[in-house]
Amino acid sequence: MVKAVRGFKDILPGEAEKWCYLERLACKYFRAYSFQEIRIPILEKTELFARSIGQATDIVEKEMYTFLDRNKESLTLRPEATAGICRALIEHGLYAKAKVIKLYTIGPMFRHERPQKGRLRQFHQIDAEVFGSHSAGTDAEIILLAWEILTAGGAKGLRMEINSLGCPQCRPRFRDALQEFLEQSKAKLCEDCQRRTQKNPLRALDCKNENCQKLYEKAPLIEDFWCSACREHFLEVQQYLKQWNLVYEINPRLVRGLDYYVRTTFEIKAPQLGAQDTVAAGGRYDGLVKALGGPDIPGIGFAIGIERFLLVAQLPDLTPRLDLYAIPLGKRAYMTLLPVVQNLRQEGLMVELDHEGRSLKALLKQANKLKAKAALILGDNELDQGIVLLRNMETGRQKELPLEPQKELLKRLQQELGAPCDS
RNA sequence: GUGACCGUAGCUCAGUUGGUCAGAGCACCGGGCUGUGGCCCCGGGGAUCGUGGGUUCAAAUCCCACCGGUCACCCCA
């Protein structure tokens, strides 16, 4: 039989409710922070990602779902959301609508990696971006927002790590110094770090090899290279985070896999997740919009991995409770119940109606399994008496309600069943 | 892309040195209770034992390949 593509997973009933819950939770926070939703395509021209994420990154070099369209144009399933949002911002001139634009989107991303815990080929992100602000206050606010969404989802054991990567004024000097350091200790480095020395020296810093980490204790630190503006900015961010009571650690080795990040960068980790422990990450990318052909406006954002969020989230019981199970015994009863059910559903009650003509016993069993609050039983006996039975499924007590007038019946039913669930 | 472990009903798993080994529990459907659920008892449907080769008189069981899963490397959300 045909199975789902490797690394692409179905989100089944029981699981989907959790997704819906977390997405709504995130939307609630975005609203509170005055973000607007944007929905962008999952397919973009390959060039967009090559130019934004960076040609030399792993994502672009070997992880993208890239193919030729029928007209021979190279297209790519988005591996992240920032590039597409920048594109839309520029293409529609959204930056002209206000000095500061705050956007969010939720949806699937695609990267061709070997699947493992917390890592799929189609995965989902809750993504936020702010354009037009250089202020350190914006950095702090974005970090706080990510943290609050995660903690509101009951995520436990989270750690916030922050760092500043410097800017185009100061980072090159650090890069050179680091590269020189790596060259000197080249013989002792692991294979990967030897490779990184040339290609992406910053990445060597978060190598997991113990020997390498030991060596890097003596490596130059970015903080010794920050220009005064970057130093000032980073201190200011921390000042605000403290005022918000956010507990964080400074990780001088924290770097990012995407080229466009500058200055503030952060990761929220949940160590209990194992190898893929970053639940959310983000940072500032001031030169990106310009590099993509837009005006020179700054940006900062983050992404939360929904699958990883779900692994650490503590959710309330989300199993749906049926308000009413309508049980018709015979065609005449069925016909009578149709408009009743229709009406109750229009009022927002969750109502199940049997179309299969199964036995009363079987249907009560079913109602019990679906955790119905009540069952509405109608058979020939009741029809002849002009009544219907409302059975409370918890107590087993039954009430006789007059069938006519229907308006009265509906009113009684709504009284008995209470207000519909909001969800 | 590399490595380790794994792959038997929808789910969780038994299956002894290859020889009634195609099983159990849960779930599902029905009956006991001809119109009253949750407990109990009984019965039923449902599996080309991941796929394809090979060894053998005989393979779920041994060998090879492929596919898939899990975890780790790598990378990252």
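Here is how names work: the chains are called A, B, and so on, in the same order as the sequence lines, proteins then strands, and each is numbered from 1.
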Q: Only pairs with both distances under 3.5 Å count, Watson-Crick or wobble alike; so what is the partner of B:U56 in this structure?
A: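 Because no pair has both required distances under 3.5 Å, B:U56 counts as unpaired.
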Q: Look at the rings of A:Phe131 and A:Tyr285 and say which category their plane angle falls in: under 30° parallel, 30 to 60° tilted, over 60° perpendicular.
A: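 A:Phe131 and A:Tyr285: perpendicular rings.
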Q: According to ring pair (Phe, Tyr, Trp, His ring centres under 6.0 Å), who are the partners of A:Phe174, at least two apart in sequence or on a separate chain?
A: A:Phe225
Q: Between A:Ile149 (CD1) and B:A77 (P), how many Å, whole number?
A: 16 Å
Q: Whom does B:G35 pair with, Watson-Crick or G-U wobble, provided both distances fall under 3.5 Å?
A: none
Q: Please list, chain by chain and in numerical order, all residues satisfying ring pair (Phe, Tyr, Trp, His ring centres under 6.0 Å) with A:Tyr216, sequence neighbours excluded.
A: none
Q: Under a 3.5 Å cut-off for both contacts, is B:A22 paired Watson-Crick or G-U wobble with anything, and if yes, with which nucleotide?
A: none
Q: Taking distance alone, no hydrogens or angles, what donor-acceptor pairs closer than 3.5 Å link side-chain atoms of residues 138-147 of chain A to residues at least two apart or in another chain?
A:
from, atom 1, to, atom 2, distance (Å)
A:Thr138, OG1, A:Ser133, OG, 2.6
A:Asp139, OD1, A:Arg284, NE, 3.2
A:Asp139, OD1, A:Arg284, NH2, 2.6
A:Asp139, OD2, A:His233, NE2, 2.9
A:Asp139, OD2, A:Thr264, OG1, 2.6
A:Asp139, OD2, A:Arg284, NE, 3.0
A:Glu141, OE1, A:Lys102, NZ, 3.4

Q: Just to be sure I understand the rule, does A:Leu389 reach a base, reach only the sugar-phosphate, or reach nothing, if contact means heavy atoms closer than 4.0 Å?
A: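 Base: the residue A:Leu389, judged by heavy atoms under 4.0 Å, touches a nucleobase.
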Q: Measuring only the C1' atom in each nucleotide, how far is B:U8 from B:U51? A whole number of Å is fine.
A: 15 Å
Q: Write down the distance between CG (A:Asp10) and P (B:C11), rounded to a whole number of angstrom.
A: 13 Å
Q: I'd like the C1' distance from B:U12 over to B:U2, given in whole Å.
A: 32 Å
Q: Say you pick atom P in B:C6 and the same atom in B:C64; how far apart are they, in whole Å?
A: 13 Å
Q: Hey, does the side chain of A:Arg263 reach the backbone of A:Cys167 with a donor-acceptor pair shorter than 3.5 angstrom?
A: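 Not a single qualifying donor-acceptor pair exists.
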Q: If the P atom of B:C21 is compared with that of B:C57, how far apart are they to the nearest Å?
A: 23 Å
Q: Nearest-Å distance, CG (A:Asp277) to P (B:C75)?
A: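 The distance from CG of A:Asp277 to P of B:C75 comes to 14 Å, rounded to the nearest Å.
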Q: NZ of A:Lys369 versus P of B:U36: gap in Å, rounded?
A: 20 Å
Q: Write down the distance separating the C1' atoms in B:U20 and B:C67, rounded off to the nearest Å.
A: 32 Å
Q: Can you check whether any acceptor in the base of B:C76 is under 3.5 Å from a donor in the side chain of A:Arg308, or vice versa?
A: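 Present.
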Q: Partner of B:G44 by Watson-Crick or G-U wobble geometry, both contacts under 3.5 Å, or none?
A: B:C28
Q: For A:Arg78 and A:Phe110, indicate whether the former's side chain and the latter's backbone hold a donor-acceptor pair under 3.5 Å.
A: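 No; judged by distance alone, with no hydrogens or angles, the pair does not exist.
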Q: Is any side-chain heavy atom of A:Phe302 less than 4.5 Å from a side-chain heavy atom of A:Phe266?
A: yes
Q: Each nucleotide in nucleotides 66-74 of chain B should get exactly one letter: B, S or -. Can you fill that in based on protein heavy atoms under 4.0 Å?
A: ---S-BBBB
Q: Okay, side chain of A:Glu17, backbone of A:Gly14: is any donor-acceptor separation there less than 3.5 Å?
A: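 At least one qualifying donor-acceptor pair exists.
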Q: Would you mind classifying the nucleic acid contact of A:Ile377 as base, sugar-phosphate or nothing, using non-hydrogen atoms under 4.0 angstrom?
A: base
Q: What's the CD-P distance between A:Gln398 and B:G37, to the nearest Å?
A: 10 Å
Q: So which nucleotide does B:A77 pair with, by the Watson-Crick or G-U wobble rule with both distances under 3.5 Å?
A: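 The answer is none; no pair meets the criterion.
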Q: Going by modelled atom types, is there a donor-acceptor pair between the base of B:G35 and the side chain of A:Asp380 at under 3.5 Å?
A: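 No, the side chain and the base share no sub-3.5 Å donor-acceptor pair.
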Q: If you measure from the Lys or Arg side-chain nitrogens to the Asp or Glu carboxylate oxygens, is any gap between A:Asp277 and A:Arg159 under 4.0 Å?
A: no
Q: Looking at the side chain of A:Gln366, which of B:C29, B:U36, B:C76 is the nearest nucleotide?
A: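 Between B:C29, B:U36, B:C76, the one nearest the side chain of A:Gln366 would be B:C29.
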Q: Which part of the nucleic acid, if any, lies within contact of A:Glu382, taking any heavy atom under 4.0 Å across all strands shown: a base, the sugar-phosphate backbone alone, or nothing?
A: base
Q: For nucleotides B:A65 and B:A58, find the distance between their P atoms and express it as a whole number of Å.
A: 23 Å
Q: In whole Å, measure the gap between the P atoms of B:C71 and B:G32 for me.
A: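 Taking atom P in both B:C71 and B:G32, they lie 48 Å apart.
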Q: Distances under 3.5 Å only, N/O to N/O: pair up the protein atoms with those of nucleotides 38-41 of chain B.
A:
from, atom 1, to, atom 2, distance (Å)
B:G38, O4', A:Asn368, ND2, 3.1

Q: Scan for side chain to side chain donor-acceptor pair (under 3.5 Å) pairs involving residues 349-364 of chain A, sequence neighbours excluded, and state none if there are none.
A: A:Tyr334-A:His355
Q: If you find the nucleotide of RNA chain B closest to A:Ala362 and the one closest to A:Ala372, which residue's nucleotide is nearer the 5' end?
A: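 On the 5' side of the pair lies A:Ala362.
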Q: Are side-chain N/O atoms of A:Glu236 and A:Tyr240 paired as donor and acceptor at under 3.5 Å?
A: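 Side chains of A:Glu236 and A:Tyr240: pair found under 3.5 Å.
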Q: Quote, to the nearest angstrom, the P distance that separates B:C28 from B:C74.
A: 45 Å
Q: So, for A:Gln125 and A:Ala81, which heavy atoms are closest and what is the spacing to 0.1 Å?
A: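 Minimum heavy-atom separation between A:Gln125 and A:Ala81: OE1-N, 4.3 Å.
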Q: Rounded to whole Å, how long is the line connecting atom CD of A:Glu129 with atom C1' of B:A77?
A: 13 Å
Q: I need the CD-P distance between A:Glu267 and B:C75, as an integer number of Å.
A: 13 Å
Q: Using a heavy-atom cut-off of 4.0 Å across all strands, would you classify A:Arg397 as base, sugar-phosphate, or nothing?
A: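 Nothing, no heavy atom under 4.0 Å.
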Q: Under 4.0 Å, counting only non-hydrogen atoms across every strand here, what does A:Asp127 touch: a base, just sugar-phosphate, or nothing?
A: nothing
Q: Does any nucleotide pair with B:C5 by Watson-Crick or G-U wobble geometry, both distances under 3.5 Å, and what is it?
A: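 Here B:C5 is engaged in a pair, and the nucleotide opposite it is B:G69.
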Q: How many Å lie between CG on A:Leu370 and C1' on B:A27, as a whole number?
A: 14 Å
